[in-house]
A.B. asks: 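Input: one structure, supplied below.
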Number of protein chains: 2
Amino acid sequence: MSDLNQLKKEFDEVSDFLIALGDEKRQAIIITLLQANSCKGLRVIDLTDATELSRPAVSHHLKILKQVGLIELHSEGTKNYYSLSHKTTEIDKLKKLLNHVTEIMGKSVETK
Amino acid sequence: MSDLNQLKKEFDEVSDFLIALGDEKRQAIIITLLQANSCKGLRVIDLTDATELSRPAVSHHLKILKQVGLIELHSEGTKNYYSLSHKTTEIDKLKKLLNHVTEIMGKSVETK
DNA sequence: TTCAATGGTTTAAAATATTAAACGTTAGAG
DNA sequence: CTCTAACGTTTAATATTTTAAACCATTGAA
């Protein structure tokens, strides 16, 4: 039973991450960032070119991706360089939840 | 490079699953189904009670969850019993993608 | 200090997703 | 056959997300 409260909490914690990751445009941004594995990262302008989104749209999606810890930025003057975060905290959380779910799904098979 | 096309494809394949899983209401349905690990499954009415959603809303979310293969139903007369699918295909796909991503993220650290 | 470059933010519009009400369908009881 | 229970579907309304246009702030160059 506290098993399920735990699960509810886990789901709650990855909700924003799932939503962030589910969007096609944001996936395009992520892939572009993965692709350009430059240490410096990419700027908004670079991403508007690569994804065919307007600058405000890119900015918006970057904000969402940053909020869930998927990307990070460092600024040099007025220039902002975005890159994928090296921390995989959220990804690990999600993996753990998926394992948790399949585990319970497995259990319920045997429980008649 | 085909690494990234592959990744793009993988993302595309789990998009709907991520969206399905990201929604709070659908999470509630999933948790309710996990909770009631009866072999028979639960009916729409049971789920409206448990989730405080209207019947059409539950019906709608169940449809989405079914489309991504998370749940299955078997009918007895006019009664439909929904339960979590025993196949973890989609979950496995997502796990694989997450591993793929962290792997590439790791690589890009060393790539100067 | 003035100007151009960079990019975040705000507001309003457009697109999409969610919900509810009304309706249709099917199965079984009487 | 008729009535009811169970539940999906369609349509219209509502809410939320996404986008674009216009605006603002900051940095650095001249």
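In what follows, every chain begins at residue 1, and chains take the letters A, B, ... in the order their sequences are listed.
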A.B. asks: Do any side-chain nitrogens or oxygens of Asn80(B) fall under 4.0 Å of OP1 or OP2 in dG8(D)?
C.D. replies: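 The answer is yes; a side-chain N or O of Asn80(B) sits under 4.0 Å from OP1 or OP2.
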A.B. asks: If you compare every side-chain N and O of Thr78(A) against the phosphate oxygens of dG28(D) (OP1, OP2), does one of them come in below 4.0 Å?
C.D. replies: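 Negative; the distance criterion is not met.
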A.B. asks: Could you give the CD1-to-C1' distance, from Ile71(A) to dG7(C), as a whole number of Å?
C.D. replies: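 Interatomic distance, CD1 of Ile71(A) to C1' of dG7(C): 14 Å.
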A.B. asks: With nearest nucleotide decided by heavy atoms, which residue, Lys79(B) or Ser54(A), maps closer to the 5′ end of DNA chain D?
C.D. replies: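 Result of the comparison: Lys79(B).
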A.B. asks: Mind calculating the distance between CZ (Arg26(B)) and C1' (dT16(D)) to the nearest angstrom?
C.D. replies: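 In whole Å, dT16(D) C1' and Arg26(B) CZ are 13 Å from each other.
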A.B. asks: Could you work out which one of dG7(C), dT18(D), dA21(D) sits closest to the side chain of Ile45(A)?
C.D. replies: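 Between dG7(C), dT18(D), dA21(D), the one nearest the side chain of Ile45(A) would be dG7(C).
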A.B. asks: Using a 4.0 Å heavy-atom cut-off across all strands, classify Tyr82(B) as base, sugar-phosphate, or nothing.
C.D. replies: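 If one applies the 4.0 Å heavy-atom cut-off, Tyr82(B) turns out to touch the sugar-phosphate alone, with no base involved.
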A.B. asks: Hydrophobic cluster membership, with links at side-chain heavy-atom distances under 4.5 Å among I/L/V/M/F/W/Y: are Leu73(B) and Leu53(B) in one?
C.D. replies: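 Yes, Leu73(B) and Leu53(B) fall within the same hydrophobic cluster.
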A.B. asks: Considering only side-chain heavy atoms of Val44(A), which listed nucleotide, dG8(C), dT18(D), dA6(D), is closest?
C.D. replies: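 Output: dG8(C).
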A.B. asks: Write down the atom of Gln27(B), the atom of Ser15(A), and the distance for their closest heavy-atom approach.
C.D. replies: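 In terms of heavy atoms, the two residues are closest at NE2-OG, 2.7 Å.
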A.B. asks: For Arg43(A), which contact category applies under a 4.0 Å heavy-atom criterion: base, sugar-phosphate, or nothing?
C.D. replies: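 Sugar-phosphate only.
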A.B. asks: What is the distance from CZ of Arg55(A) to C1' of dA20(D), rounded to the nearest Å?
C.D. replies: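 Value for this atom pair: 11 Å.
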A.B. asks: For atom NZ of Lys95(A), is the number of surrounding heavy atoms from other residues, nucleotides or ligands below 6.0 Å larger than 12?
C.D. replies: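 More than 12 within 6.0 Å, yes.
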A.B. asks: How long is the line joining CG of Asp23(A) and P of dT16(D), in whole Å?
C.D. replies: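 Whole-Å distance recorded here is 18 Å.
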A.B. asks: Return the value, rounded to whole Å, for the distance between atom CD of Glu76(A) and atom C1' of dT26(D).
C.D. replies: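 Going from CD in Glu76(A) over to C1' in dT26(D) covers 15 Å.
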A.B. asks: Choosing from dA21(C), dC7(D), dT19(D), which nucleotide comes nearest the side chain of Lys25(A)?
C.D. replies: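 It is dT19(D).
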A.B. asks: Students often get this wrong, so: under 4.0 angstrom with heavy atoms, is His60(A) touching a base, only sugar-phosphate, or nothing?
C.D. replies: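 Base, at least one base heavy atom under 4.0 Å.
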A.B. asks: Ion pair present between Lys93(B) and Glu10(B), side-chain N to carboxylate O less than 4.0 angstrom?
C.D. replies: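 Answer for the salt bridge query: no.
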A.B. asks: Using whole Å, what does the distance between atom P of nucleotide dA17(C) and atom NZ of Lys63(B) come to?
C.D. replies: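 Distance, rounded to whole Å: 13 Å.
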A.B. asks: Which whole-number value in Å describes the distance from Gln67(B) CD to dG8(D) P?
C.D. replies: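 Those two atoms, CD and P, are 13 Å apart.
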A.B. asks: Quick test of your reading of the model: are Glu76(A) and Lys40(A) salt-bridged, counting only N-O distances below 4.0 Å?
C.D. replies: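 Yes, charged N to carboxylate O under 4.0 Å.
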A.B. asks: Which of the following nucleotides, dT18(D), dA20(D), dT18(C), is nearest to the side chain of Ala57(A)?
C.D. replies: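 Output: dA20(D).
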A.B. asks: How close or far is atom P of dT18(C) from atom CG of Leu53(B), stated in whole angstroms?
C.D. replies: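 Rounded to whole Å, this separation is 11 Å.
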A.B. asks: Counting heavy atoms from C-beta on, name the nucleotide in dG8(D), dG7(C), dA21(C) closest to the side chain of Pro56(B).
C.D. replies: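 For Pro56(B), the side-chain atoms sit closest to dA21(C).
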